[in-house]
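Residue numbers begin at 1 in each chain, while the letters A, B, ... track the order of the sequences. When reading the values below, keep in mind they use all heavy atoms of this one structure, side chains included, and skip hydrogens, waters and symmetry mates.
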Amino acid sequence: MSEALKSLNFIEHIVEEDLRNGFPKEKLRFRFPPEPNGYLHIGHASSICLNFGLGLRYGAPVNLRFDDTNPAKEEQEYVDAIKEDVEWLGYEWDTECFASDYFQQLYDWAIDLIKVGKAYVDSQTSEEIAEQKGTPTEAGTPSPFRNRSVEENLQLFQGMKEGKFKEGEHVLRAKVDMASSNMLMRDPIMYRILYRAHHRTNTDWCIYPMYDWTHGESDYIEQVSHSLCTLEFAMHRELYDWFLDQVVDKDLVRPKQREFARRNFSHTVVSKRKLLQLVDQGFVKGWDDPRMPTISGLRRRGYTPESIRNFADIIGIAKRDNVVDVSLLEFHVREHLNKIAPRVMGVLNPLKVVLTNYPEGEEEWLEAENNPEDEAAGYRQLPFSRELYIEQEDFKEEANRKFFRLKLGGEVRLKNGYIIKADSCTKDTDGNIIEVQCTYDPKSKSGSGTEESLRKVKGTLHWVSAKHALSAEVRLYDRLFTDETPDAHKDKNFLDFINPDSLQIISAFVEPSLADAKIGDRFQFQRMGYFNLDPDSKSEKLVFNRTVGLRDTWAKIQEKN
RNA sequence: UGGCCUAUGGUGUAAUUGGUAACACAGCUGGUUUUGGUCCAGUCGUUCUAGGUUCGAGUCCUAGUAGGCCAACCA
């Protein structure tokens, strides 16, 4: 779809309106501001696509800014992971910024605020300050330290910076309005004392600025025109503007904060705290576990950046609460993978088939199309022999005519090979079918053009030659939670809904061409789904992740019966 | 019992700013097919409620209702 025809989301409408009102297009600038205290998830992808999408749309720069004002939680590991994820999604930031780069400027401005009587040092405990905060319906009460002299405030604040006090002994507060209906305006804390080494400034500082004081001023320093954040910051806007009022120069761009609803997704959680819990408590193997809704998890699972971007684009952005169904994300991976993934054959639950009329010891190589959606993908050779594996669920001794697969006395086409007929089967002592004896029609070879090869047989199966097949570990994933909204239950913990069967590891047989597969390579196992080669894979032991299954109409028909 | 925000099919978003409710997904019916995939066609709505303004309301006004957010020295 062309950009011009695409409808605008409400943020784009705001930008368009600003442009109409005379805001110079060349001064448009955006930013994506993660806190480096965890890995990015699919919800962040929406925000990344929003901000960087805006940048692309208007030819405006987009900064990657780390909101690193809390050394207690933030780490370099997260900075690196975040950068990798944004790059992987395919976006290029203009400048890599850190709120910590602005600590000195922020400090200087804080001094200015003290000098004009708009900030003061409070020496109460956090409990006392909280009590005086009041409630939504009652005004707060002023701190006894609210009217300290400028001199005393300056001296105390400098002492805080110089490490003369213990943690919690003093804080710097903005002097706003203790009676405001917006609790955030009741003299918010600007600085606290924290003797923690920061991942970038190390121990240069022992006072750290709070989010509200930092964020808007950082936007202003970077001359960000539109500062987009999630809805829970809506109430912060008033403070954001108040802080900006104290420092803004009329000749410079004054950043504008606007809020959009964060994305929620069915059958998962997107809260860094909860994701961290899943990792720490061992419910998953790490932040990049393919079951995780993190960008790194999706990447390892086999998702493509394109599919995530398309997905983000189609779900759009708005202000109302939402729960996006995972099937929409799955649709987008399938759509992309269908076009680019080479087709191969892999049998997940092998059942041996012996072609009794195929000469023993003989083998031949069949030609197979790599991707019917992409002619340029070409062809490859597949070994065929007397003993094969097919999928267990593709054979039944008896079945009705809706079953387009192999049954005793019935015929089926082996993909890229011959038409075979099942004559008999053998079972183990428990009654499980362990082998099917078939006869093949030598004249029915695919592509040979013979009358027999042109016969229409209802049902085509994938298969591998037993002698040539490679064994592989295949990891099948299911949703991590059994409930659609695991963290939306007031009386239950989201961990109560963990799906015990979210990972199933099986050993499968795949066609020999896969010996050349490289880590991350994506394939369609025909009739089974999309898979990629996991980093755990070694040349002697292939490991595949199932990214997503194919749409399965047959499974639906069975469900109904 | 204060303030702020939101309400459009099962889900997520649109609606040229007051002019025929549209798109995608999911579901359901069929068709094509050497993947029960892909592809193609069809089908699925009291725009939260009640009033009001207007020739005309998803859009504006009023009053309700429902949901979310707000009292961390977190972001």
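- The side chain of A:Met235 approaches B:G3 more closely than any other nucleotide in the set B:U13, B:G3, B:C74.
- Of the side-chain N and O atoms in A:Arg263, one or more sit less than 4.0 angstrom from OP1 or OP2 of B:U13.
- A cation-pi contact, defined as under 6.0 Å to the ring centre and within 45° of the axis, links A:Lys161 to A:Trp205.
- You won't find any donor-acceptor pair under 3.5 Å spanning the side chain of A:Arg551 and the base of B:U38, going by distance alone.
- Sequence order on RNA chain B of the closest nucleotides to A:Ile315 and A:Val171 puts A:Ile315 first from the 5' end.
- For B:A75, one of the phosphate oxygens OP1 or OP2 lies less than 4.0 angstrom from a side-chain nitrogen or oxygen of A:Arg192.
- Taking the six-membered ring where the residue is Trp, the centroids of A:Tyr211 and A:Phe233 are separated by under 6.0 Å.
- Taking syn as a glycosidic angle within 90° of 0, B:U17 qualifies as syn.
- If you look at A:Phe103 and A:Tyr208, their ring centroids are closer than 6.0 Å.
- The residue A:Glu373 sits close to a base: some heavy atom pair falls under 4.0 Å.
- In terms of phosphate contacts, A:Ser7 brings no side-chain nitrogen or oxygen within less than 4.0 Å of OP1 or OP2 of B:U16.
- Across all strands, A:Leu184 comes closer than 4.0 Å to no nucleic acid atom at all (heavy-atom distances).
- For B:A75, the base has a donor-acceptor partner in the side chain of A:His236 [N/O atoms by modelled type, under 3.5 angstrom].
- Among the protein residues, A:Thr69 comes within range of the sugar-phosphate backbone only, with heavy atoms under 4.0 Å from sugar or phosphate atoms but none that close to a base.
- Within the nucleic acid shown, A:Val323 comes within 4.0 Å of sugar-phosphate atoms alone, with no base atom in reach, counting heavy atoms only.
- Contact check, A:Arg527 against B:G36: a side-chain N or O comes under 4.0 Å of OP1 or OP2.
- For B:G36, its base never sits under 3.5 Å from the side chain of A:Gln558 at any donor and acceptor pair.
- Rounded to whole Å, the P atom of B:U11 lies 15 Å from the corresponding atom of B:U47.
- Taking only side-chain nitrogens and oxygens, A:Lys319 comes nearer than 4.0 Å to OP1 or OP2 of B:U6.
- Across all strands, A:Ser327 comes closer than 4.0 Å only to sugar-phosphate atoms, never to a base (heavy-atom distances).
- Contact between the side-chain N/O atoms of A:His44 and the OP1/OP2 oxygens of B:A75 is not found at any separation under 4.0 Å.
- Between the side chain of A:Ser446 and the base of B:U34, at least one donor-acceptor pair of N or O atoms lies under 3.5 Å.
- For the C1' atoms, the distance linking B:A57 with B:A15 amounts to 13 Å, nearest Å.
- Look at A:Lys556 and you won't find any side-chain N or O under 4.0 angstrom from OP1 or OP2 of B:G36.
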